[in-house]
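Pasting a structure below so you can have a look.
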Amino acid sequence: MTTKQFQSQRTCAAGPLVAIGGDKGGVGKSFQARVLAWQLHSRGIPLALCDGDERNAHLERHYSSQLNTVRFDARSEAGWTSMFNHLDNVPADHSVVVDLPAGAGCMLHQEAARLIANEDLGMPTIHVWVATPGEDSVRLFRDLMAIAPASRTAFVMNKHNDESLGRFDIWMNSRTRAEFLAEGGLEVTLPKLPQRPHDMIANQRLPFPSERPASWLRGDWFTFLSFRAAVEREQASLIRLIEEMC
């Protein structure tokens, strides 16, 4: 296949590359990546996964038995090169979820040119920024806005410690938020997964289940179904954006 033919194929058929970041550790990036992989896969969207954390690869741990999953070092230029090279092996109709570890923000900026070049091959980038209530999440997100079009970016408020959004007052009252929404940015929330199903999934290294696992009691399953309904409700606009670009 010639380069021109390859570019034509990707332009016509490629799904998006969904980069999930947040730069700070412990904000819930990997949890959001797993939730998104689960939601897209359950909708029948062809999907490949790239886990940028070589030391603690959540996507590989939970989804390698179900989906095409590779690791790369998102904190190095060589790692990003290996990730981009891997995209040549991903079927053209697949979307790609990329989980970025803490501290990868500098590399994300450094790789902005290659992400744009990747878009020239027909694979647009969607940025998903996972945030906690602190000021750092807002400040670092403002840096991302310099390289990420608002119309293809989602700011995710992680409610893992509090089901209310009252603690996100710094973000809610910020000039950054006002500018982001005015430019067409998405604002979504990530609901809390109750502790018992969370631990059952983690201990068994399961993907999020689409059917009740044989070892789960029905009360735990009903709790998980409530979480699933909340995810589908609260992240509907993000899922719709990705589906529209598939």
Side-chain angles (χ1 to χ4, degrees), residues 14-24 27-43 45 47 49-50 52 59 95-100 104-105 108-109 112 115-116 118-119 123-160 162-193 208 227-246:
L17 184 151
V18 186
I20 300 176
D23 217 16
K24 288 173 60 64
V27 298
K29 299 180 295 296
S30 293
F31 185 72
Q32 174 64 69
R34 288 164 52 204
V35 166
L36 200 55
W38 166 50
Q39 288 289 295
L40 297 175
H41 183 60
S42 67
R43 284 166 168 75
I45 294 175
L47 195 62
L49 308 178
C50 295
L59 284 180
S95 298
V96 179
V97 171
V98 180
D99 185 15
L100 299 175
L108 186 61
H109 279 258
L115 287 169
I116 292 172
N118 194 51
E119 294 191 2
M123 180 175 279
T125 302
I126 295 174
H127 290 275
V128 178
W129 186 264
V130 186
T132 53
E135 181 181 355
D136 286 351
S137 285
V138 179
R139 177 176 55 80
L140 292 168
F141 179 69
R142 190 163 187 86
D143 291 342
L144 177 71
M145 288 174 62
I147 62 170
S151 61
R152 286 192 271 121
T153 302
F155 186 92
V156 181
M157 291 175 282
N158 189 352
K159 300 191 296 184
H160 70 296
D162 187 349
E163 283 300 310
S164 76
L165 294 179
R167 296 174 65 237
F168 281 88
D169 57 325
I170 294 175
W171 165 250
M172 291 294 187
N173 298 316
S174 68
R175 178 166 57 92
T176 298
R177 177 180 184 261
E179 293 176 0
F180 175 63
L181 295 181
E183 294 172 7
L186 293 180
E187 182 182 72
V188 301
T189 55
L190 178 60
K192 178 181 179 179
L193 176 60
F208 289 111
F227 167 73
R228 183 173 71 182
V231 167
E232 292 174 348
R233 180 176 64 252
E234 297 179 28
Q235 300 206 343
S237 60
L238 173 57
I239 297 298
R240 186 161 53 248
L241 173 64
I242 296 171
E243 288 180 324
E244 288 171 355
M245 300 183 74
C246 288

Leu238: which of Val128, Val18, Leu190 passes side-chain contact (heavy atoms from CB on, under 4.5 Å):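 Result: among Val128, Val18, Leu190, Val128 is the only option passing the side-chain contact (heavy atoms from CB on, under 4.5 Å) with Leu238.
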Residue pair Pro191 / Val231: nearest heavy atoms and the distance that separates them: CG-CG2, 3.6 Å
Spacing of CZ belonging to Arg167 relative to CE belonging to Met172, to within rounding of 0.5 Å: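 That separation rounds to 12.5 Å.
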Heavy-atom side-chain contact between Arg228 and Trp38 under 4.5 Å: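 Side-chain contact under 4.5 Å: yes.
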Heavy-atom closest contact (Lys192 atom, Lys159 atom, distance):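 Taking Lys192 first and Lys159 second, the nearest heavy atoms are CB-O, 3.7 Å.
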Any Met157 side-chain heavy atom under 4.5 Å of Val188 side chain: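 They are not in side-chain contact.
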Beyond-backbone contact of Gln39 with Gln235, side-chain heavy atoms, under 4.5 angstrom: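 The answer is no, as the side chains (C-beta and beyond) never meet within the 4.5 Å cut-off.
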For Val35 against Phe208, the heavy-atom pair lying closest together: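 In this case the closest contact between Val35 and Phe208 is N-CE1, 3.7 Å.
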Sequence-distant partners of Ile170, side chain to side chain contact (heavy atoms under 4.5 Å, CB included), two or more places apart: Glu135, Val138
By side-chain hydrogen bond (donor to acceptor under 3.5 Å, both in side chains) - contacts of Ser174 (at least two apart):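 Ser174: no side-chain hydrogen bond (donor to acceptor under 3.5 Å, both in side chains) contacts found.
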4.5 Å side-chain heavy-atom contact, Lys29 and Asp99: yes
Set of side chain to side chain contact (heavy atoms under 4.5 Å, CB included) partners for Arg139, sequence neighbours left out: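 Checked Arg139 against side chain to side chain contact (heavy atoms under 4.5 Å, CB included); matches are Asp136.
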Distance, nearest 0.5 Å, that separates CG of Leu36 from CG of Leu47: 8.0 Å
Gap separating the OG1 atom of Thr189 from the CD atom of Glu234, nearest 0.5 angstrom: 3.5 Å
Reported CD1-to-OG1 distance for the pair Ile116 and Thr125, which is rounded to 0.5 angstrom: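 Nearest 0.5 Å value for the CD1-OG1 distance: 8.5 Å.
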Check: Asn158/Thr132 side-chain N/O donor and acceptor closer than 3.5 Å: no
Shortest non-hydrogen contact between Pro124 and Gly15, atoms and distance: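 Residues Pro124 and Gly15, closest heavy atoms: CD-O, 4.1 Å.
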CD1 on Ile45 to SG on Cys246, rounded to 0.5 Å: 4.5 Å
Non-hydrogen side-chain atoms of Leu140 and Trp129 separated by less than 4.5 Å: yes
Any residue meeting side chain to side chain contact (heavy atoms under 4.5 Å, CB included) with Leu186, in chain and number order, not counting sequence neighbours: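 Leu186 satisfies side chain to side chain contact (heavy atoms under 4.5 Å, CB included) with Ala154, Ser237, Leu241 once adjacent residues are dropped.
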For the student: nearest non-hydrogen atoms of Met145 and Thr176, plus distance: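 For Met145 versus Thr176, the nearest heavy atoms are SD-CG2, 3.6 Å.
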Smallest separation among heavy atoms of Ala33 and Ile20, with atom names: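 What the structure gives for the nearest pair is CA-CD1, 3.3 Å.
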Listed partners of Thr153 passing side chain to side chain contact (heavy atoms under 4.5 Å, CB included), at least two apart: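 For Thr153 the side chain to side chain contact (heavy atoms under 4.5 Å, CB included) partners, ignoring immediate neighbours, are His127, Phe141, Leu144, Ala148, Phe180.
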Min side-chain heavy-atom separation Leu115-Leu108 under 4.5 Å: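 When only atoms from C-beta onward are counted, Leu108 and Leu115 do touch, with a gap below 4.5 Å.
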Inter- and intrachain pairs under salt bridge (Lys or Arg N to Asp or Glu O under 4.0 Å), touching residues 173-191, at least two apart: Arg142-Glu179, Arg175-Glu179, Arg177-Glu187
